[in-house]
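Taking it in order: structure first as structure tokens, then the write-up.
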Amino acid sequence: MFKVIKREGRARRGQFSCAHGGVVETPVFMNVGTQGAIKGAVSAHDLKDLKCQIELSNTYHLHLRPGDSVVKALGGLHRMMDWDGPILTDSGGFQVFSLSGLRKITEEGVTFASHIDGRRIFMGPEESMQIQSNLGSDIAMAFDECVENPAPYGYVKQSCERTVRWLQRCKEEHDRLNALPDCLNPGQMLFGINQGGTYEDLRVWSMQESAKIDCDGYGIGGLAVGEETEVMYRILDVTLPYAPEDKPRYLMGVGTPSNIIESVWRGVDFFDCVMPARNARHGKLFTWQGSLNIKNEKYKLDGRPIDEGCGCPTCRSFSRAYLRHLFKAEEMLAMRLAVMHNLWFYNTLMERIRAALDEGVYEDFRNAYSRKLEEKI
RNA sequence: GGGAGCGUUCCCGAGUGGCCAAAGGGGGCAGACUGUAAAUCUGUUGUCGACGACUUCGGUGGUUCGAAUCCACCCGCUCCCA
């Protein structure tokens, strides 16, 4: 269930709910735990302390390890991770892009050579739906092909047409599985995915066709995969007007704080990105003055918290100098503390975006922070 | 006392006459990272007035057109036998 409660231009302030957790306030950033854990030794319990509203995991990775049947036997992903909030599972469509050297695509689906041991894994729309059903997530993503940018028009056209055909198959299989008596999460929703690369006509076509298939929300995929940022914004500008007004729009895999601010402005409701966690593991931390690299020598004797005024578990107790030391000494606590800070930052960013929308001052917020958060301090 | 080695740029360590400012690793410094094959990857790491010049391979002095590489002595260290 989703409803828009306030608007400012194309930006939307909304509320969403699904089978787990209470009301999700949107715009929302989903915290990525690909294999059922947030990389950097952060658990689902920690997510509660980091103001996370939705957790995201991955179909391909959990199918390989520990196996979706194992997850189902353990009571589902929620039970396994001990996370009682909403979970969105990505379909494996991104792996068609990220593991492009290890797969072959046909109309039926995609055959992967497992990145772990090379064995053949076939995944098509039906398989992806079955796996996500076994995982028991609250939102299943349609199985799509995420195409790199730039790509030839002809290829993108046939690919996004196939992705729409796959969406139809996903929808049918999803409805069938949800109706089965032993279904782990009969309330599981399905989001379709818009593709079309950097081609406006394909994007619009893909959106229109996907909208004809009744989904609970729509992902915008295939962005931030090689194209210029301005191209991504242009695609959002031309595509989102064709997305159903009463359904959430999810910009998949995006992005930087600035990307998020700009995309909310253009009408996006859901986001997810590995950036806060990955960058944290590599020492790049976000602050309201811009980002910093905690490993830099200048923080050697810096007794201040990462971000003055930040209320995250890390900043409440530890100094930049200590964190720098932990990174230099390769203590795993470094990653944990850094990841917690960055996830808190992203979740707080969304909180402030929502507050600005509530107060009708989002344009001011955008002007104040969109550029600033891209700076390095 | 006798014998055998070793000393290289921040560290370890290759290099035994020119292609050597000197491999490789570590450490240092910096950068990248966007639905996670990422605790990963990349650049850089003698000095300078820098498409060139200068100083450097324990020290000093030689041999040579040319030396980290060969010779002599000195200093320091290691191992073996007594």
Side-chain angles (χ1 to χ4, degrees), chain A residues 29-42 54-62 64-65 88-103 112-118 121 128 132 137 139-149 191 193-195 217-229 232 250-260 262-263 268 270-286 291-300 324 326-336 338-339 342 346 374 376:
Chain A
F29 178 79
M30 301 184 282
N31 295 213
V32 182
T34 301
Q35 308 196 78
I38 287 72
K39 291 187 192 295
V42 172
I54 305 182
E55 193 274 344
L56 183 151
S57 290
N58 182 276
T59 299
Y60 168 88
H61 289 284
L62 290 171
L64 260 59
R65 274 189 311 214
L88 179 148
T89 41
D90 186 31
S91 62
F94 184 69
Q95 279 61 45
V96 179
F97 160 78
S98 66
L99 302 178
S100 63
L102 298 172
R103 61 30 174 195
F112 292 95
S114 159
H115 70 285
I116 299 166
D117 59 11
I121 308 289
S128 180
Q132 296 185 73
S137 58
I139 303 169
M141 294 306 298
F143 187 64
D144 65 331
E145 179 191 357
C146 176
V147 180
E148 67 173 350
N149 291 325
F191 279 23
I193 302 179
N194 169 264
Q195 289 289 347
Y218 293 89
I220 313 296
L223 290 176
V225 284
E227 80 286 3
E228 293 294 309
T229 303
M232 173 170 83
Y250 161 30
L251 179 54
M252 306 180 75
V254 174
T256 65
S258 176
N259 290 162
I260 290 175
E262 290 302 317
S263 301
V268 174
F270 285 42
F271 298 88
D272 85 284
C273 192
V274 305
M275 185 174 282
R278 181 182 289 166
N279 280 3
R281 274 179 276 128
H282 300 164
K284 183 167 172 177
L285 307 176
F286 295 98
S291 63
L292 61 83
N293 185 340
I294 196 64
K295 293 193 271 194
N296 285 178
E297 189 168 32
K298 59 184 170 184
Y299 302 119
K300 190 175 188 171
R324 176 180 134 93
L326 294 177
F327 266 103
K328 290 302 199 177
E330 295 182 67
E331 285 291 343
M332 41 185 169
L333 182 59
M335 294 203 179
R336 179 172 156 78
V339 170
N342 273 1
Y346 264 65
E374 292 206 308
K376 289 180 193 123

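A note on names: the letters A, B, ... follow the listed sequences, proteins ahead of strands, and every chain is numbered from 1. In what follows, every heavy atom counts, from backbone to side chain, and hydrogens, waters and symmetry copies are set aside.
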If you round to the nearest 0.5 Å, how far is CD1 of I121(A) from CG of L102(A)? 11.5 Å
Please work out if I116(A) contacts a base, only the sugar-phosphate, or nothing of the nucleic acid, heavy-atom cut-off 4.0 Å. nothing
Please tell me if Q95(A) has a side-chain N or O lying less than 4.0 Å from either OP1 or OP2 of A37(B). yes
Which atoms of nucleotides 39-41 of chain B (N or O only) lie under 3.5 Å from a protein N or O atom, and what are those distances?
unit_1 : atom_1 : unit_2  : atom_2 : d
A39(B) : OP2    : R281(A) : NH1    : 2.4

Considering just the side-chain nitrogens and oxygens of S98(A), establish if one lies under 4.0 Å of OP1 or OP2 belonging to A37(B). yes
Grab the N/O contacts between the protein and nucleotides 45-47 of chain B below 3.5 Å, and write none if there aren't any.
none

Just to be sure I understand the rule, does D272(A) reach a base, reach only the sugar-phosphate, or reach nothing, if contact means heavy atoms closer than 4.0 Å? sugar-phosphate
Ring pair (Phe, Tyr, Trp, His ring centres under 6.0 Å) involving H282(A) - partner list, sequence neighbours excluded: none
Does N296(A) have a side-chain nitrogen or oxygen under 4.0 Å from the phosphate oxygens OP1 or OP2 of A30(B)? yes
Categorize E227(A) for me: base, sugar-phosphate, or nothing, with a 4.0 angstrom heavy-atom threshold over every strand shown. nothing
Non-hydrogen side-chain atoms of N58(A) and Q95(A) separated by less than 4.5 Å: yes
Round to a whole Å and report the spacing from OH of Y60(A) to P of A37(B). 8 Å
Nearest 0.5 Å, please: how far is CG in N342(A) from CE in M335(A)? 12.5 Å
Using a cut-off of less than 4.0 Å, is there contact between a side-chain N or O of N293(A) and OP1 or OP2 of A30(B)? no
Apply the side chain to side chain donor-acceptor pair (under 3.5 Å) test between T89(A) and each candidate in S137(A), S128(A), S57(A); give the one that qualifies. S137(A)
If you look at every strand shown and take non-hydrogen atoms under 4.0 Å, does D144(A) touch a base, only sugar-phosphate, or nothing? base
Please check if the distance between the ring centroids of F94(A) and H61(A) is under 6.0 Å. no
Base, sugar-phosphate, or nothing for Q35(A), non-hydrogen atoms under 4.0 angstrom? nothing
